[in-house]
Structure formats: C-alpha cells, structure tokens
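So you know, we letter chains A, B, ... as the sequences are listed, proteins then strands, and number each from 1.
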There are 2 protein chains.
Amino acid sequence: MLDPVARVRRFNRAVTSAVGALDSSFLGRGRPLGAARVLNAIGHGRSDVAEIRDYLGLDSGLMSRLLRSLEDEGLIETAAREDDARRRMAKLTRAGRREFAAYEALSNAQADGILAQHSQAEALLAAMDLIASALTRERISLDEVDPQSEEARYCLGEYYAELGRRFKQGFDVSLSRDPDAKDMRRPRGTFIVAMSDTLPIGCVGLKGTDHGYAEIKRLWVAPAARGLRLGRRLMDAAEAAARGLGITLLRLDTNSALPEAGQLYRSTGWREIPRFNDDPYPDLFFEKQL
Amino acid sequence: MLDPVARVRRFNRAVTSAVGALDSSFLGRGRPLGAARVLNAIGHGRSDVAEIRDYLGLDSGLMSRLLRSLEDEGLIETAAREDDARRRMAKLTRAGRREFAAYEALSNAQADGILAQHSQAEALLAAMDLIASALTRERISLDEVDPQSEEARYCLGEYYAELGRRFKQGFDVSLSRDPDAKDMRRPRGTFIVAMSDTLPIGCVGLKGTDHGYAEIKRLWVAPAARGLRLGRRLMDAAEAAARGLGITLLRLDTNSALPEAGQLYRSTGWREIPRFNDDPYPDLFFEKQL
DNA sequence: AACTTCATCTGACTAAAGTCAGATATCATG
DNA sequence: CATGATATCTGACTTTAGTCAGATGAAGTT
C-alpha cells in the first residue's frame, strides 16, 4: 500500500487521465491534435520550422503537411528566411492568433479548474513545481545572466525572503554587504541562474574583489528544486567560471542556520577559515584554492 | 513568472513528456498501445470483457479485435461466463503473464528512475500523492468497511502516528478509550474509508453506545488529501449512516491541537458541550442533534 | 413459444499519424 | 561554377484508432 513505486504509478495514472482530458478538449476545436500542436508551438513563439519539427518530434513530411493544412485554414503564413531561403519561418495570421487564444483559454481553464476545486492551492502548486522540476531535471540549464536581469532579480528576491524566514532575527538586505552588481559581471565575476523551462529555480554569484580572491555569493536553490543536487551543479559552474577568469582563490560566508549549505561546502573541498568580513549575518567562513 | 496558471501549465508540460516517454517504451515491445492497454488491464485483474471496455473507453468492435489479436499472439484466453454465456472473461496464458511482467518491469523501472535521481524521494512522493488525490478527486469513493479490514487498519495507524506528532505529550493508543471494533459495525455503528484508486486516504468511525447517543471517532484525512474538503464529506457520510441507523444524537471529542477539526465541527452544526468522558487526550467536546 | 434485450463479433469504412524515397531549391565551399 | 550538404516538399504507402450497421447467439419476459 505504501510501496514507493506503487505511489509513483498511482500518480502516473492520475496524471495520464488529466492530460488525456485536455487533449480531448483540444479536439473540440475541430482540428486533429497534430495540427493543434503545431499551431500552439507557433503561438508560443517558435517560428523556425525545423525547430518546431524538432521540438514536436515530427517527420519532415508530416510537418510539411500540417503546415499546409494550417495555411489552407488561413491560420498561419510561412515565408522563406531572409538569411537562408531553404529554411522557412511560420507566423500566425490574425485568424491564427484568435484560434491560438482559444486554445490558450482551454489550457488556462483546465489549469484554473484544477486549482479552483482545491482549498489549499498553494500546497498543490508547490507540489506541482517540485514534480515539474524533478521530471525536467535533465533539461535544467545553467545560464550566465546579468545580475540585474529579471531572472536574477526574481532569484535574489526569493533568496532574501527565505533568509528572512530561516534567520531567527530575520534578514534585512540593506544591513548585508550588498554586492555591487558590477562585481558580478565579467570580467570581475559573473552571475549564474538555473532555468527549468522558463522558470528560474536557482542561482549563484561570483563576485570579484581587490583582495586577491573572489567571493561566492547568493547561492540559492528553489524549494521545489531541492533534492536534485542543483546546489552542487551551481557551485561547480561558479568554480569553473572563476577558473576561466584566472581566479585562484575563492572565499564565501554563510550561516549555521543553513546547514545544508555548510554540508555542501565541506563535502566539496572547502576549508573553514576565520571570519574575514564584518557582515552581521554570516557566522561561518570558507575558503577554497582552485 | 509566478502566475498560478502558468505553474500548472509548466507542470502539465513536464508530465506530458514523461507520460509520452513511458508510452514509447511500451511500444518497444512491438505491440500497439491499444493492445498493450488491454493486456495490462487483464494483467491487473480485470477479466470481464465489458468491464475492461468500459474502463478503457473502447468501442465494442475495437475491443473485440484487440482481444482477438492478443489471443492470436497466444497471450490471453477467453471463455464465456458460466452464469451468462453472453459475457466473456479473459485471462492471461503463461506467455501472457510473461509479457505482462515485462510491461510491469518497464513501468517500475520508469518509476524507479524518477525516484532514484532525487535525493529527497519522500518529498517527491508526498507531492505525487497530493497531486494524484487532487486530480482524481471526483473518483474518491467512500466505502463502508469492517474496522479491522486492511484499509481501516492502515488509516488508523496513520491517524495514531499523526496524533503522536501533533500532541505535545505524544499519543499512546492504549491510554485512549480504544473503541471496540464491534461498536463500529452495523447495526451499532459503522466505519467508513475514503478510497482514491486503491489507496485509503481518509476514514471516520461511527461508534454505537448504550447512553442514548452515538459517537464520531477516528476522523482522519491523509495529508495528501487535505484541501479537497474530504473531512466534510466523511462527516456527512457518517451522519447519513447514523440517520439510517435511527440514531438521533451524536457526540464527539477532539483536541485543540487539531484546529482544522474544531473548525469543521463548528461550521457544520456541532455545538460545544462540557466534557462527557475521562479520556486523557481530548479537551473539546461537541454534540449534534440529527 | 414469441418477443425483447443484451454482449459480443464481423465487415466495411474513415481519419489521423507516421514512414520513406525521391524531387526541388538553396547554400557553402573548393 | 561544379559539388555536396541542407531544408523543405510531394507522392505513395502503412499502421493504428476509431465508428457504425448489422449478424449471431444467449438470456430474460410475457
């Protein structure tokens, strides 16, 4: 009754029928699923035909016919690419945008329906985030971004909110040595965000200093992404970036209220050292020679 | 970035591709999905042809042909039912059992694979339970069972474990007035279990007494099923059963460490009354006239 | 016994999805 | 500019899924 594999399989059954229900509601728009999928891919901003084909896993002949049927319906227009006339681009016509909006409305209504009948929607969403991150694990990408980009700011906001919850005395960003964004841009440093299908789920900053070392800052993994060993992947990426920048010594500070962080550092070659700054929050300090 | 609907849809995408991957691994056994589904339904103990057809939503013509193709492969045998020769029963042959086991192995391997790459498998499983319960909400059935049945004993075990976690002083079943199972069987009372696709996710007991009232006992909802208003459904079912047994007055006791229970009682017509027993755990007592 | 109802099966059909070999046009390169 | 690589398209085909009308035989009803 409590066999883990049986629980996963119960989940599979539940989810298969929910997904099937969405598919049938799509059929209600009088178009086969294949054509609907292509239309939706285009609506979601994919325009390169080869890219869509690859994304949907379609044969080139089938893809060509599906495009033709959407064109005959007046929903899309295709044109050869200017820089390479072999490739084609597809885009929605006005009617296509209307039809795409109708599919979006169906998807949104289904999502809404699931949420609406649950009185603890936030718990349900957290569970969905956790599972989505676990299932798309191999597709999580680590991207270097500007520390002031939307993705980076979202991660930092979540990071500060979490420190506020975990520190007994709360957390006030303005009291911490807020790293100048400039120091986390190349060539002094960098900022790395982990993305799972458009959702940022983790980050780490590498901050250059003038003291002969660089600092690791703002290591954060979204609650939904914990257990995927993403913290380690982010640290590896930050260390690799540091090596690429010619940095040979790294330091970081952390707090004993974040035991999983301390454990990660200890298990990956970091050595505890005495306090090296007067920031009020950290009480643990580490160093690593690259 | 945090729109709830967008989060549900990200979940949908993640799960669709995982389900699709399992389907393609099933195709690897050289049999179309339709036939594989029928074989698996039979392997999972469904033998009545009409029941399988209904479960899989198949047309009778299609069903007949799929059965024939499995028979031609030597995987199943069908026979008319003894009590009604119009109906047919299907069962696996030896080769069919082997083939079914191969499908089971694929399903189990997929489930294992998801779990294995996650270092916090219990959190992942809890999330899956939550979602499976939410998605199969309409298919949750309330069944009257014997209080000593496997399902009932599972629920009670979970219930006691939860009390142990929630009461500051812990919980020891032997100190509580353990209701005699006889008192929770018809005609004195009953025991109701909420089932979601073979998994018990909640229970409630109606216990007859000789004092002119019956008691509601052991109301429990699995953590994964909270938010589905299952507590209320269980209470409604228990009250309906009480009415059917000619009971006109109900009492129950609870503890202020379970605030959601107290709130449920207050909002459904229960009236707080003075202590009516000397059980050491409860500190809140309610009564309801039917 | 004659009827209606029911579960299953058969034949004839359609739609959708997918496969594959070549045709066509364009691009990159020596 | 000839050559090979690349992206898309076309035609011919197969498989799978599904629909529907009617046949068959058994069960239930009057």
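- Distance CZ (B:Arg37) to C1' (D:dG18): 13 Å, rounded to an integer number of Å.
- Between A:Gly61 and B:Ala50, the one whose closest nucleotide on DNA chain C sits nearer the 5' end is B:Ala50.
- You'll find the side chain of B:Ile42 stays beyond 4.5 Å of the side chain of B:Phe100, heavy atoms only.
- When the nucleotides C:dG18, D:dT19, C:dT19 are ranked by their closest atom to the side chain of A:Leu58, C:dG18 comes out on top.
- Here D:dT15 presents its P atom at 16 Å from CZ of B:Arg31, a figure rounded to the nearest Å.
- Put simply, CZ on A:Phe26 is 17 Å from P on C:dA16, counting in whole angstrom units.
- Proximity of residues 62-92 of chain A to DNA chain D (heavy atom under 4.0 angstrom from any strand atom) is restricted to A:Ser64, A:Arg65, A:Arg68, A:Arg86, A:Arg87, A:Arg88.
- Electrostatic pairing of B:Arg53 and B:Asp59 does not count as a salt bridge here, judged by no charged N lying under 4.0 Å from a carboxylate O.
- Rounded to whole Å, atom P of D:dT16 lies 15 Å from atom CG of B:Asp23.
- In this structure, CG of B:Asp59 is placed 14 Å from C1' of D:dT16, rounded to the nearest angstrom.
- Annotation: cation-pi geometry satisfied between A:Arg46 and A:Tyr55 (NZ/CZ under 6.0 angstrom from ring centroid, within 45° of ring axis).
- Atom CG in B:Leu33 sits roughly 19 Å away from atom P in C:dA16 (whole-Å rounding).
- A salt bridge is defined here as a Lys NZ or Arg NE, NH1 or NH2 lying under 4.0 Å from an Asp or Glu carboxylate O, and A:Glu150 with A:Arg153 fails to meet this definition.
- Residue B:Ser196 is tested with B:Leu135, B:Asp129, B:Ile140 for a side chain to side chain contact (heavy atoms under 4.5 Å, CB included); the sole match is B:Ile140.
- Side-chain contact check for B:Ile76 versus B:Thr93: every heavy-atom pair is 4.5 Å or farther apart.
- The CG atom of A:Leu27 sits 11 Å away from the P atom of D:dG18 (whole-angstrom rounding).
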